[in-house]
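In listed order, ligands and their atoms are each counted from 1. This is a predicted model, so every value here is computed, not measured.
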Amino acid sequence: MCGIVATVIIGKAFIEGRIVDNVTIEINDLGIITKISKGTFKGRFKEETFNFLKNRLLILPGAIDIHTHMRDFKESYKEDFYSGTSAAAAGGVTIVADMPNTKPKTNTLPVLEMRDKVASEKSVVDYALYYGVPNVKREIMGFERKAIGVKVYPENLFHNCREVFEELIKYVSSKNILTVFHAENPYLFKNDERPLDAEISGAVKVLELHRKYRVKAHITHVTTSYIVKLVKHKGNITIDTCPHYLLLNKEFHLKNKYFRVNPPLRSKNVQENLLKTLSLGKIDAITTDHAPHSSDEKFSEKPKPGFPGLETALPLLLTLTVKNIISLKDVVKLYSSNPAKILELHRYVGKIKEDMFANLAVVDLSEEYTVNSKTFFSKAKHSPFNGWKVRGKVKATFVRGKPVFIDGEIVSKKGYGINVKKYGGVFENVS
Ligand code: DOR
Ligand code: ZN
C-alpha cells in the first residue's frame, strides 16, 4: 500500500488483541494505515503528527454502531445527520448505521437516494444506511447500491404486506444482503405492554425465515439471554444488545416513567442474566439504538420510546472493564470488530492494522467523570445514564486518518463523512 504519508499518530494502541506501548501509525492521504512501527518514535515528520503518548492515552479501533436513528428529514428537530454524527464522534463512534423509520420512510429508491445526499452533506463520521420494507415490488431491486442492508420491523415480520415482504426476503437471501430484525410479535402486545413472550415469538419467527430462506439475519436489541441461547443453538444468526438492557431494568422505569424504550426494560433477573451472558462472550455486538426525541415528546404524558446513546456507550463499556465484567478485548470485539464483520466491512475497518482505514477512538482509561446529558452534541439532551459516574473518557476520534473530534470539540467539516458503500472505491484508487 503506498500513497503520501499525510498523518502520523503516536501512542499506546490496541493492536492484534493487546495493548502495545509506543507505536507509530503512519497514514496516507486516503486515510489508510500504511505502516505501524513499534518502539519509541524518534524521527521528525513534516506531516500532521498527533502524539498521544504524553497523556498515557489509549488508541482503540473506532467504534461502529450498527443501530442508530439519525432522524433528519421532517424530524430534524429531534436530530439530523450533523448533530447525530457529532454525537457519534464525541462517543468514539466512527461509523453509524442509520435506521429507515424516518419521515418520509426510507423504503423507496428515491427517498434512499435523498437520504444518502442529505447524509453526505452533513455527516462528520462515516455512515451506512438501512432500507425499509417497501410497499411495492418495484422498489425492491437495486437498493443495495446505497444501503448496507434491510431493517425489518415487527409489523413487517408479522405481515402487513405478505407478498412484497416474501419477495424482499427472497431477494436479500439470493444476494446474501444483511437483514436486521426488530423481533417482536405485535399480536402479543397487551395495550401498552410488550411482554417478553412477544420478543421470544419474534425471534422464533426470524429463525423460521432463516431456516426457510437462509436469510443473512441479525436480531437487534435483544433483551433476554433466553433468545441468545435459542438463536445461537438453532441458527447462524448474529445478535446485539444495548447498554440500557444490560445496565437498567424495570425498577428504573417505574421510578423514571419518561425513560420508555421498545423493547421495554425487563426485570432485574433478566437484566442480570443478560449481563452475565455478555461476559461469557455469547453476544456478537453492542448497539445503542440511539433514538433521539425532543424534550417535549419525551417528558410528556405519553413519552416517546427511546433515548440517545452514542455519547455514553463506549464510556459505559469501558467502565465494565474497570469492574472486570468484560475485558478491553471484548469491548473492541463488541463495538468495533464484530460490527465490522456483520456489515462486511472487516477488510477496511474494525482493527488497527496496515492496509485498513485509520478509524480510531482515543480514550483516557484513567479519567472518571459524571455523565451530563445537557452537554451532549445530540439534540436530545436527556439520558437514563445522566449523573452516572463512568471511567474512560473519549479524547479524540479519527475517521479515515482525519481528526473529527478532539478534546471536546468537533474539528472536521460538515459533510466529511462518506457512505461506507464507497470504501471499496477509495481502495481502488490506491495503486
Ligand atoms: O425505543 C425505540 N425507539 N424502539 C424502536 O424500535 C424505535 C425507536 C425510535 O425510532 O424512536
Ligand atoms: Zn431502533
Item to check | Per-residue contact class, His182 against ligand 1 - non-hydrogen pairs under 4.0 Å | outcome: side chain

Checklist entry - Can His290 and Glu79 be counted as having a side-chain donor-acceptor contact under 3.5 angstrom? => result yes

Item to check | cation_pi(Lys393, Tyr369) dist<6.0 Å, angle<=45 | outcome: yes

Checklist entry - What's the shortest distance from atom 11 (O) of ligand 1 to any protein heavy atom, and which residue and atom give it? => result Arg71 NH2, 2.8 Å

Checklist entry - Which protein N, O or S atoms does the Zn ion (ligand 2) have within a distance shorter than 2.8 Å? => result His67 NE2, His69 NE2, Asp289 OD1

Checklist entry - Between Tyr258 and His382, does the ring centroid distance fall short of 6.0 Å? => result no

Next on the checklist: For atom 7 (C) of ligand 1, what is the closest protein heavy atom, and at what distance to 0.1 Å?
Outcome noted: Asn101 ND2, 4.0 Å

Checklist outcome for this item: Under 4.0 Å from one or more heavy atoms of Ala291, ligand 1 contributes atoms 3 (N), 8 (C), 9 (C), 11 (O)

Item to check | Residue list, side-chain contact (heavy atoms from CB on, under 4.5 Å) with Val426, at least two apart or on another chain | outcome: Leu30, Phe357, Ile418

Item to check | Nearest-contact summary for atom 1 (O) of ligand 1 - protein heavy atom, Å | outcome: Asn262 N, 2.9 Å

Checklist entry - Using 4.0 Å as the upper bound for N to carboxylate O, is an ion pair formed by Asp192 and Lys302? => result yes

Item to check | Contacting atoms of ligand 1, where contact means under 4.0 angstrom from a heavy atom of Val261 | outcome: 1 (O)

Item to check | Heavy-atom gap Met99 to ligand 1 smaller than 4.0 Å | outcome: no

Checklist entry - Is the Phe158 ring parallel, tilted or perpendicular to the Tyr187 ring (thresholds 30°, 60°)? => result perpendicular

Checklist entry - Can Ser383 and Asn386 be counted as having a side-chain donor-acceptor contact under 3.5 angstrom? => result no

Checklist entry - Of the backbone atoms (N, CA, C, O) and the side-chain heavy atoms from C-beta on, which set of Pro305 has a member under 4.0 Å from an atom of ligand 1: side chain, backbone, both, or neither? => result both

Checklist entry - Between His293 and ligand 1, which residue portion shows a heavy-atom distance shorter than 4.0 Å: side chain, backbone, both, or neither? => result side chain

Item to check | Lys/Arg cation over aromatic Tyr153: Lys151, 6.0 Å, 45° cone | outcome: yes

Checklist entry - With the threshold set at 4.0 Å, does a side-chain nitrogen-carboxylate oxygen contact exist between Arg194 and Glu199? => result no

Checklist entry - In this structure, are over 12 heavy atoms from other groups packed under 6.0 Å from Lys232 atom NZ? => result yes

